[in-house]
Structure formats: C-alpha cells, structure tokens
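Data first, discussion second: the structure below is written as structure tokens.
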Amino acid sequence: MTNQRRPQISSRKQPKQARSTELVAAIQQAAIQVLAEEGATRFTTARVAEKAGVSVGSVYQYFPNKAAILFQLQADEWKRTSDMLRDILEDAGTPALDRLRALVHAFIHSECDEAKIRVALNDAAPLYRDAPEARQARASVDRTLERFMEELLPNVSAATRSLAGGLITTTFSVVGKSFSGTPRTRAEIDTYADAMADMFCAYLNSLDNG
C-alpha cells in the first residue's frame with residue numbers, strides 16, 4: 001500500500017515588506033470570513049482570493065494550497081491559546097488554583113466567542129493534524145500545563161500528575177466544544193465556567209490531600 005502524500009502546509013515565503021505583510025493579513029482575514037460563512041468543505045483558495053480582492057496567484061505566492069492557509073489559521077489560534085495558557089498559569093503572584101479558575105473562564109469565553117471558526121477548523125483538521133508543525137504547536141501547550149501540574153501537585157507521582165493533566169485538557173477540549181456549540185449569554189458562560197472550575201479544583205484538592 002502506498003502512503004498518501006501529505007499536502008505542504010508551510011508557507012512558501014514570509015512577508016518582509018509592509019505591503020507584503022498587509023497582503024498576507026488580508027488573505028488571512030478573508031480566509032477567516034470564508035471559513036465562517038461556508039465551512040471547511042466549501043473552503044477553496046479561489047474563494048479566499050475573491051474575498052480578499054486579490055488574484056489566486058497572489059495567494060499562491062505565500063500559501064501553496066488551501067491546507068497551508070487553514071494550517072496558518074489554526075497555528076495562529078494555537079499560539080493565542082498557548083500565550084493565554086502561559087500568561088495565566090505562569091503568574092507566580094496568584095495562587096495556583098486561582099490561576100486554574102482564571103484559565104477555565106478565559107478558555108470557555110474564547111471557545112464561545114470563536115465557536116464558528118473553531119468548528120470549521122476542526123472539520124479541516126485532517127488536512128494538517130498529523131504534520132510535524134501541528135505536533136510541535138500542541139507540544140508547547142502540553143509543556144506549559146505539565147510545568148503547572150508539577151507546581152500544583154509536587155507531592156504526587158508523575159503518573160498521577162500526567163493523568164490529572166490529561167483529564168483536564170480532554171475536558172477542556174470536549175466540554176468546551178460541546179458547550180460552545182449553542183449560543184450563550186455572558187452570564188451562562190460565567191456560570192458554566194464556575195461549575196467547571198469547581199469540579200477541577202475539587203478533583204485536584206482530593207489528589208493533593210489523598
């Protein structure tokens with residue numbers, strides 16, 4: 001059996017001049033709009049070019065195919081998530097469980113605010129999720145959480161910390177997507193986030209005191 005060739009997802013080149021930077025930004029903004037309006041199945045380079053008001057050739061200067069555009073959108077989302085995770089969890093001046101609670105609120109609000117784009121990117125994930133670039137982006141988030149769990153649970157085994165971290169990240173992913181699938185008010189989001197944070201804190205306290 002022959003291995004299916006993965007599409008190239010790295011950008012062809014990086015913009016160096018202001019005009020080029022503006023062009024790439026316009027392409028990415030157009031891609032977000034196309035993805036939100038038409039979903040992953042109808043997402044094409046031609047539609048992105050049309051929405052951006054540029055030629056398809058201009059898009060291809062920076063993105064070799066639609067997978068590269070989608071991966072760039074996903075990579076940007078991963079970076080925002082990674083930055084948010086790091087900023088909150090590495091705030092040593094705030095008690096650890098308070099940081100976790102703040103992260104739950106930030107994450108659930110983010111999921112709800114960008115629900116349509118996140119769903120569409122998830123639909124497109126088979127195009128790039130196994131690529132080295134994707135694994136590297138996810139690893140950055142995993143390392144930040146691992147360091148936080150070591151700080152939060154210094155007296156439990158590495159295996160227990162790993163299990164706890166995995167349960168938290170899986171719950172974030174599954175529950176966040178499910179909850180954000182329906183439009184919510186800010187009050188509903190806060191109530192849900194409080195309940196989710198309470199659940200995490202009770203579980204982690206039980207490990208620390210066990």
Side-chain angles (χ1 to χ4, degrees), residues 1-87 106-145 169 172-174 176-184:
M1 181 181 296
T2 58
N3 292 328
Q4 185 176 3
R5 184 179 179 183
R6 292 192 182 97
Q8 179 185 348
I9 62 173
S10 297
S11 300
R12 290 188 187 275
K13 64 179 181 178
Q14 296 299 317
K16 296 180 179 180
Q17 299 179 346
R19 184 175 179 182
S20 299
T21 300
E22 291 172 0
L23 172 59
V24 170
I27 292 171
Q28 290 179 291
Q29 186 57 43
I32 291 172
Q33 293 173 6
V34 172
L35 197 60
E37 294 168 3
E38 304 195 37
T41 57
R42 291 178 55 80
F43 184 93
T44 66
T45 304
R47 284 190 172 88
V48 171
E50 181 181 8
K51 179 70 73 173
V54 301
S55 68
V56 174
S58 294
V59 176
Y60 282 138
Q61 287 184 52
Y62 298 96
F63 301 99
N65 47 49
K66 72 175 186 178
I69 302 173
L70 289 166
F71 176 72
Q72 185 61 58
L73 297 183
Q74 181 65 83
D76 289 346
E77 194 277 327
W78 277 330
K79 185 179 186 305
R80 287 193 297 272
T81 299
S82 180
D83 290 347
M84 176 183 72
L85 193 78
R86 187 171 54 254
D87 289 345
F107 179 83
I108 295 298
H109 275 279
S110 177
E111 284 284 300
C112 292
D113 290 343
E114 302 179 10
K116 188 178 292 186
I117 292 296
R118 290 177 188 272
V119 169
L121 284 173
N122 186 63
D123 290 341
L127 290 172
Y128 52 73
R129 66 183 168 201
D130 293 328
E133 297 95 328
R135 291 196 297 269
Q136 183 178 0
R138 291 193 295 267
S140 175
V141 172
D142 291 341
R143 286 193 297 271
T144 299
L145 184 60
T169 55
F172 269 144
S173 177
V174 176
K177 289 175 183 176
S178 175
F179 180 74
S180 65
T182 300
R184 309 286 182 175

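Please read all numbers here as calculations on a predicted model, not as lab measurements.
A tilted orientation is assigned to the rings of F172 and F107, their planes being inclined by 30° to 60°.
The distance from the CG atom of L73 to the CD atom of Q29 is 9.5 Å, given to the nearest 0.5 Å. Atoms CD1 and CD1, from I69 and I32 in turn, are 11.5 Å apart once rounded to the nearest 0.5 Å. Once rounded to the nearest 0.5 Å, the distance linking CH2 of W78 with CZ of F71 reads 5.5 Å. Taking CD of Q28 as the start and OH of Y62 as the end, the distance is 11.5 Å to the nearest 0.5 Å. One finds the CG atom of N65 at 9.0 Å from the CG atom of L70 (value rounded to the nearest 0.5 Å).
V141 and S82 make their closest contact through CG2-CB, 3.9 Å (heavy atoms, listed as atom of the first residue, atom of the second, distance). Closest approach of V54 to L23, counting heavy atoms only: CG1-CD1, 3.6 Å. Residue G176 comes nearest to I108 through the heavy atom pair CA-CD1, 4.2 Å, listed as atom of the first residue, atom of the second, then distance. For the residue pair A36 and I117, the shortest heavy atom distance occurs at CB-CD1, 3.6 Å. Closest heavy-atom contact between T45 and V56: CG2-CG1, 4.2 Å.
A donor-acceptor pair under 3.5 Å is formed between the side chain of R47 and the backbone N or O of R42. Counting only distance, with no hydrogens or angles, the side chain of T81 and the backbone of E77 share a donor-acceptor pair below 3.5 Å.
Heavy-atom neighbours of E37 CD from other residues, nucleotides or ligands within 6.0 Å: above the threshold of 12.
In summary, of the residues considered (Q74, R80, K79), a side-chain contact (heavy atoms from CB on, under 4.5 Å) with D76 occurs for R80 alone.
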Evaluation steps, side chain to side chain contact (heavy atoms under 4.5 Å, CB included), between K66 and F43 | CA-CA 8 Å; K66 72 175 186 178; F43 184 93; 4.0 Å; yes

With side chain to side chain contact (heavy atoms under 4.5 Å, CB included) as the criterion, how do R184 and S180 come out once you've worked through the C-alpha distance, each side chain's angles and the decisive distance to 0.1 Å? CA-CA 7 Å; R184 309 286 182 175; S180 65; over 6 Å; no

